[in-house]
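Written out below as structure tokens is the structure these notes cover.
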Amino acid sequence: MRRRISGKGLAANLRKRLPKRKGADATTHADGTPLTPSERAQYELSLVGLDLPMSDYARKNNPLPSVYALGRWRIAFIWLVLLGFLCFLLGRLLWIQVLYPDRLIAESDNRTIRSYTYEPPRGLIADRNGKLLALSVPVKAVVADAAILNERKINRNPELVEKIARLVEMDAATLFKKISDPTNHYVQLNKYVPLNLARELESLDIPGLTISDNYQRYYPTGAVNAHIVGKVDYRGNGAYGVEQSFNQYLSAQSSKKKFKRDSDNHIIENLEVIEPGKEGGNLALSVDDRLQTFSYEALQDAVIQHDAETASAVMLDATTGEILVMVNYPSFDPNDRLHFDPSAARNRAITDTFEPGSTIKPIVALAALETGEVDWTETFDTRPYIVNGKMIRDSHRMENTSPLVDIIKYSSNIGMAHIAQRVGPSPIVQMLERFGFGARTNSGFAGEAYGNLHTDRTFWSEIDKATLGFGYGITVTALQMASAYATLANYGARLPVSILRVTKQPSYVQVANINEIRRMHTALETVVEQGSGKRAAINRYRIAGKTGTAHIASGGGYAEDYVASFVGFAPISNPRFVLVVVVYKPKGNYYGSSVAAPVFSDIMTRALQLYNIPPDK
């Protein structure tokens, strides 16, 4: 066998054979014959430990051990192995990428494809002039996994807990209590974290906290429009006002989309829409925020001045039936979720009923005139008298006899009692129904009260008939009263009431004789010019109106509390605005002429000025 030696051994042998005489170099053999180029290369490579086969001449003249040479069959085997490995790789690639790629594709999708839900904001609510009354503000919802927080001992870091509490707007002790249970994987910390605080919280990168998109409903005008606009509950559904009445229209429908993400969780491709969504619809209300604000402040002043319990005001556009004003005092702040009293959220203008008192007298008189049993020239006995043991009297002294105009002008209970007893309750109740009492106005509000006309009553005593003439024994709402006087202002043409802005003139129903209503306009003007409603007068405008003062029913009888009201319209020559003001339980001077009439004058004056209604006087 040939022996393989190291490069160092080969170099040593070559050095021995190199010439040792003076002038000899490493380019010749020991016998003086020159080295061939291959022999010299072999020699030089051997110096660094490399073995290469030498030529026959080199082996003959340099008896060095032979260098190992690879056989052909071994080279063929190596090539065969390499070729087989290459075929295996190609076959594997064909298998996983062409023939059966589904499993790997599924695994890739599981790592990169996700779905997300996007919910557009709830619809906007604006007044008739486009001022926003309700909108949805982007915020963040923060949820904690108490198990992770306990596992990472985050709840044992007082400074970090205090910082989290500040950013989620929560007391630190309350937060600690919420996240102390290690078995609780879902703890709602705050659904409405402002974006600046949420960004600061995200920068802390705390494991166990999930921050997601959300919306918070915001009401720019606060308490002023609270009873009209309402508010949403913690689920984002309308709970009061138009938020409730038009909840389905205002609500947005979330969409679900599939996307592909990268390793940093960034969306790199939107793949498909799984569930299509829709944006919330926007509402344009009929109310005028300028008048709303002024009316709210006027009611506030009246309640404080007369130490009253509550007050309400409703104004309609007589030409369209639109609600321009609907305010109650006191109100509530729909933006304050922590101090919400459901009783304060009741829209008393549509939910609370009261006995209308003298404000109903013009409609009772129209019913009597329609029967033909009463006319404008007849005079009626206006001296106090007793009915079923009850004394019927007036708040001020009348002449012994008075015509219908004076009965309306001075609001005589005695005169109206005689008229109501003469014609009976049936034609009166029928006329009241035609003017919209005893039924909802279909204004668009949920929770509107019907009132009560006792249409199913089979027996009326004489005292019941008499008191019906001046507004007792029936109940109405402030909105119903405003609608009825709008019908009076329109000469008996009854228009539908609407809380939404009207874009085209609505149709009407004629419910009473136009000529009789013209005469009633004149009578109602004398109420403001000469009668009980003088404090409702407005300089340079002709005003028609009626005062009302009624006991509040309580425990089967009447308490020593009153409802003071005034309702009217202006200007008489071309009626545009109808306004009713109702003040509940005023102290001291409780008459409608003293409590409600001045408020009517202030609000109506403001409306006439804002809408540039020309004077008619």
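Start at 1 with the first residue, then count along the sequence.
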**Request:** Please check if any side-chain donor atom of Ser412 sits under 3.5 Å from a side-chain acceptor atom of Asp394, or the reverse.
**Result:** yes

**Request:** Start with the C-alpha gap between Leu299 and Val581, add the side-chain angles, then the distance that decides, and say whether side chain to side chain contact (heavy atoms under 4.5 Å, CB included) holds.
**Result:** CA-CA 9 Å; Leu299 292 184; Val581 177; 4.2 Å; yes

Name every donor-acceptor pair, under 3.5 Å, that has one atom in a side chain of residues 593-608 and the other anywhere in the protein, sequence neighbours excluded.
unit_1	atom_1	unit_2	atom_2	d
Ser594	OG	Asn589	ND2	3.0
Ser601	OG	Ala537	O	3.1
Thr605	OG1	Ser601	O	2.6

**Prompt:** Hey, mind stepping through Ser532 and Thr547 against side-chain hydrogen bond (donor to acceptor under 3.5 Å, both in side chains) and telling me if it holds?
**Reply:** CA-CA 7 Å; Ser532 59; Thr547 58; 2.9 Å; yes

**Asked** Which pairs, with at least one residue in residues 525-552 and sequence neighbours excluded, count as a ring pair (Phe, Tyr, Trp, His ring centres under 6.0 Å)?
**Response** His551-Tyr562

**Flag for Glu560-Tyr590: side-chain donor and acceptor within less than 3.5 Å** = no

**Item:** N/O donor-acceptor pair under 3.5 Å between Asp127 side chain and Ala284 backbone
**Value:** no

**Expected output: side-chain Ser245 to main-chain Ala446 donor-acceptor under 3.5 Å** = yes

**Request:** Please check if any side-chain donor atom of Thr382 sits under 3.5 Å from a side-chain acceptor atom of Glu399, or the reverse.
**Result:** no

**Message:** Within the 3.5 Å criterion, strictly below it, is a donor on Asn237 or Arg122 matched to an acceptor on the partner's side chain?
**Reply:** no

**Request:** Mark yes or no for whether Arg128, through its side chain, and Ser286, through its backbone, hold a donor-acceptor pair below 3.5 Å.
**Result:** yes

**Asked** Is it true that a side-chain atom of Arg422 and a backbone atom of Glu373 form a donor plus acceptor pair closer than 3.5 Å?
**Response** yes

**Prompt:** Taking only residues two or more places apart in sequence, or in another chain, which ones meet Lys131 in a side-chain hydrogen bond (donor to acceptor under 3.5 Å, both in side chains)?
**Reply:** Asp289

**Request:** Determine, step by step, whether Thr221 and Asn225 satisfy the side-chain hydrogen bond (donor to acceptor under 3.5 Å, both in side chains) criterion, reporting the C-alpha distance in whole Å, the side-chain angles of both residues, the deciding distance to 0.1 Å, and the verdict.
**Result:** CA-CA 6 Å; Thr221 60; Asn225 292 288; 2.9 Å; yes

**Item:** Set of residues satisfying salt bridge (Lys or Arg N to Asp or Glu O under 4.0 Å) with respect to Lys465, sequence neighbours excluded
**Value:** Glu462

**Message:** Using side-chain heavy atoms (C-beta onward) and a distance below 4.5 Å, is Val583 in contact with Ser565?
**Reply:** no

**Request:** Not counting sequence neighbours, list each pair that qualifies as a ring pair (Phe, Tyr, Trp, His ring centres under 6.0 Å) and has a residue in residues 335-371.
**Result:** Tyr240-Phe340, Phe332-Phe340

**Asked** Are the side chain of Gln292 and the backbone N or O of Val287 linked by a donor-acceptor pair below 3.5 Å?
**Response** no

**Prompt:** Donor-acceptor pair, His454 side chain versus Ile474 backbone, under 3.5 Å?
**Reply:** no

**Message:** Please determine whether a side-chain nitrogen of the Lys or Arg among Glu529 and Arg542 lies less than 4.0 Å from a carboxylate oxygen of the Asp or Glu.
**Reply:** no

**Minimum side-chain heavy-atom gap Trp460-Arg457 below 4.5 Å** = yes

**Message:** Run the side-chain hydrogen bond (donor to acceptor under 3.5 Å, both in side chains) test against Ser554 and tell me which residues pass, sequence neighbours left out.
**Reply:** none

**Request:** Keeping to residues at least two apart or across chains, list the ring pair (Phe, Tyr, Trp, His ring centres under 6.0 Å) pairs with something in residues 360-382.
**Result:** none

**Message:** For Arg576, give me all partners under salt bridge (Lys or Arg N to Asp or Glu O under 4.0 Å), at least two apart in sequence or on another chain.
**Reply:** Asp317

**Message:** Quick check against the 3.5 Å criterion: does Asp333 have a side-chain atom that pairs as donor or acceptor with the backbone of Ala223?
**Reply:** no

**Message:** Is it the case that the side chain of His227 and the backbone of Ala344 share a donor-acceptor pair, with hydrogens and angles ignored and the cut-off at 3.5 Å?
**Reply:** yes

**Fill in**
For Thr458, the side-chain hydrogen bond (donor to acceptor under 3.5 Å, both in side chains) test, sequence neighbours excluded, returns none

**Message:** Determine whether Arg217 and Ser136 satisfy the following criterion, side-chain hydrogen bond (donor to acceptor under 3.5 Å, both in side chains), listing intermediate values before the conclusion.
**Reply:** CA-CA 4 Å; Arg217 201 66 166 163; Ser136 294; 3.0 Å; yes

**Asked** What pairs of residues pass the ring pair (Phe, Tyr, Trp, His ring centres under 6.0 Å) test when at least one of them lies in residues 303-328, not counting sequence neighbours?
**Response** none

**Message:** When you measure from the side chain of Asn335 to the backbone of Tyr218, do you find a donor-acceptor pair of N or O atoms at a distance under 3.5 Å?
**Reply:** no

**Item:** side-chain hydrogen bond (donor to acceptor under 3.5 Å, both in side chains) involving Lys390 - partner list, sequence neighbours excluded
**Value:** none

**Message:** On a heavy-atom basis, which atom in Ser312 and which in Ala349 lie closest, and how many Å separate them?
**Reply:** OG-N, 4.1 Å

**Asked** Does Lys617 come within less than 4.0 Å of Glu525, counting only side-chain N to carboxylate O?
**Response** no

**Item:** Sequence neighbours excluded - side chain to side chain donor-acceptor pair (under 3.5 Å) pairs with any residue from residues 472-499
**Value:** none

**Message:** Looking at Lys361 and Ser411, would you say the former's side chain and the latter's main chain have a donor-acceptor pair under 3.5 Å?
**Reply:** yes

